[in-house]
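Worth saying up front: this structure is predicted, and the values here are computed from it rather than measured.
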Amino acid sequence: MTGIDECLVEAMTIPGALGVSLVDWTSGLTLGAVGDGPSGDHDAGAADATDLARAVIQNPSFADPDSTGTLAEDVIVTSPGRYHLLRFVEAGFESGAFLYLRLDRGSANLAMARLRLRNLAEQLVLI
Amino acid sequence: MDLQTRSPLVSRRRPLLLTPDRTLGDVVGMLAAERRTGAVQSTTGVVHLVEGAVLQVESVAAPDLPTLLVRSGRLTEQDLLDLVGATGLPLLEALWGSGRIGRGVLELCHLTTVSDAAFLALPHDSGPVRFQPGVHPRVGVIRPIDVGTLRAAVARRRALLDRIWPCPWLDSTPLRLSTAAPDAAGGCWSRGQRAVVNAADGRRTPLDIARLLGRPAFATLLDVRRLAAAGLVESSPEVIAAVAPAMPVRPALSAVPTLRPTVLPGAMGRLNGGSADPEVALLIRLRAALEARL
């Protein structure tokens with residue numbers, strides 16, 4: 001039984017994790033946050049990440065060509081010092097939520113972090 | 001009934017606050033500035049405050065948590081009835097306390113309904129408001145949300161809709177297929193968008209359709225705007241003629257009274273007579289939504 005806070009705390013155990021939040025891409029509302037936000041502000045980071053998530057989730061070019069509603073799963077942004085990992089949460093009731101994890105590039109393994117975040121997104125909405 | 005004694009929805013004894021030309025969001029903002037704790041009840045919804053922060057929002061026009069859980073396939077209607085029967089608790093308390101549904105699902109679903117209700121209730125004229133000090137919701141509390149943050153989120157949602165297709169009257173007027181609609185089967189439409197197209201019969205508003213489909217109101221409105229932008233759906237012409245010229249920037253939710261749950265013939269049998277109980281009304285609403293979809 002994983003609640004939002006437990007999920008976020010678990011995400012912070014991913015090597016290199018700097019901060020993680022659960023955000024609603026339709027409103028930019030931060031539904032939960034642990035660790036540090038970009039520039040120390042989770043809400044500002046959520047608003048920026050929302051713009052990114054929205055551009056991806058609303059554009060059919062990023063969906064599989066044969067899908068009927070299955071859109072992008074995650075978004076990865078890299079910079080010399082950071083990885084930014086967004087994972088959409090598929091809850092079945094159109095919550096619009098995604099997990100936003102920031103990682104220190106020097107100590108993170110991007111592939112592993114992506115898999116762990118995927119698992120956490122699935123655990124979050126397990127019955 | 002238990003819920004009647006504690007729910008602000010049925011309070012009749014609290015003082016009426018007259019708030020001309022103010023939205024419910026304005027009223028809540030004023031009470032929040034005074035760090036008040038209690039339930040703010042208006043014609044468009046109920047907002048629970050704790051020391052000036054928002055704990056919960058309810059709207060009569062937004063599908064509720066059990067409806068979303070059932071429509072998402074996580075529970076059946078029978079599961080809900082069994083849960084109430086087994087625990088003897090009101091439905092929401094039974095859901096939160098049973099362990100039958102994962103904590104994350106409940107929290108996320110609850111926050112979805114709060115955002116949905118805030119979007120529908122806060123920007124509209126409040127009408128007369130009752131404030132019931134000291135009242136707390138007993139279930140569903142996750143964390144307080146700052147009123148300014150919540151109102152900004154509502155404004156972003158409104159802006160998102162208007163960027164897609166700037167026709168706010170679409171949200172509360174009957175929706176129909178466009179006379180010159182392109183073939184929906186030819187586009188890359190999601191299951192939800194196809195469901196909206198199928199439900200657009202010229203009589204139902206998008207909020208009716210959201211309740212019919214058991215989807216969050218905002219998600220449904222997003223699809224409606226996208227479909228309208230693509231030329232697939234439109235408001236009924238007579239409605240546009242009547243509403244559009246006088247449309248305010250923030251339209252009053254005049255459709256709310258007509259959106260109250262419709263109890264279909266035979267629905268819930270003996271429970272029909274007791275629909276003043278919010279718990280029963282919720283079950284009836286759930287059943288009506290499911291039956292209407294069959």
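If you tally non-hydrogen atom pairs under 4.5 Å between each of A:Leu124, A:Thr30, A:Asp24, A:Thr26 and chain B, the highest count goes to A:Thr26. Of the listed residues (A:Gly92, A:Ser95, A:Ala47), the greatest number of heavy-atom pairs within a distance under 4.5 Å of chain B belongs to A:Ser95. Heavy-atom pairs under 4.5 Å with chain A were tallied for B:Thr112, B:Leu69, B:Leu108; the largest tally goes to B:Leu108.
Remark: A:Asp36 does not engage A:Arg102 in a salt bridge, criterion side-chain N to carboxylate O under 4.0 Å. The existence of a salt bridge linking B:Asp79 and B:Arg100 is confirmed by a sub-4.0 Å separation between a basic side-chain nitrogen and an acidic carboxylate oxygen. Here A:Glu6 does not pair with B:Arg103 in a salt bridge; the nearest charged N to carboxylate O distance is not below 4.0 Å.
Heavy atoms of B:Leu106 lying under 4.5 Å from chain A are absent altogether. Interface residue B:Ile164: only side-chain heavy atoms are found under 4.5 Å from chain A. Looking at B:Leu111, the atoms closer than 4.5 Å to chain A (heavy atoms on both sides) all sit in the side chain, from C-beta outward. Both the backbone and the side chain of A:Ala91 come within less than 4.5 Å of a heavy atom of chain B. For B:Ser72, the parts sitting under 4.5 Å from any heavy atom of chain A are the backbone and the side chain alike. There is no contact between B:Leu161 and chain A, counting heavy-atom distances below 4.5 Å. Proximity to chain A (any heavy atom under 4.5 Å) is shown, for B:Thr149, by both the backbone and the side chain.
Between B:Trp96 and B:His110, the two ring planes are perpendicular [angle over 60°; tilted spans 30° to 60°].
Partners of B:Phe119 according to the ring-ring contact (aromatic ring centres under 6.0 Å, His included) rule, which considers only residues two or more places apart in sequence or in another chain, are B:Phe218.
Between B:Leu170 and B:Pro206, the shortest heavy-atom distance links the atoms O-CG, 3.0 Å.
At distances below 3.5 Å, at least one donor-acceptor pair connects side-chain atoms of B:Arg225 with backbone N or O atoms of B:Trp165.
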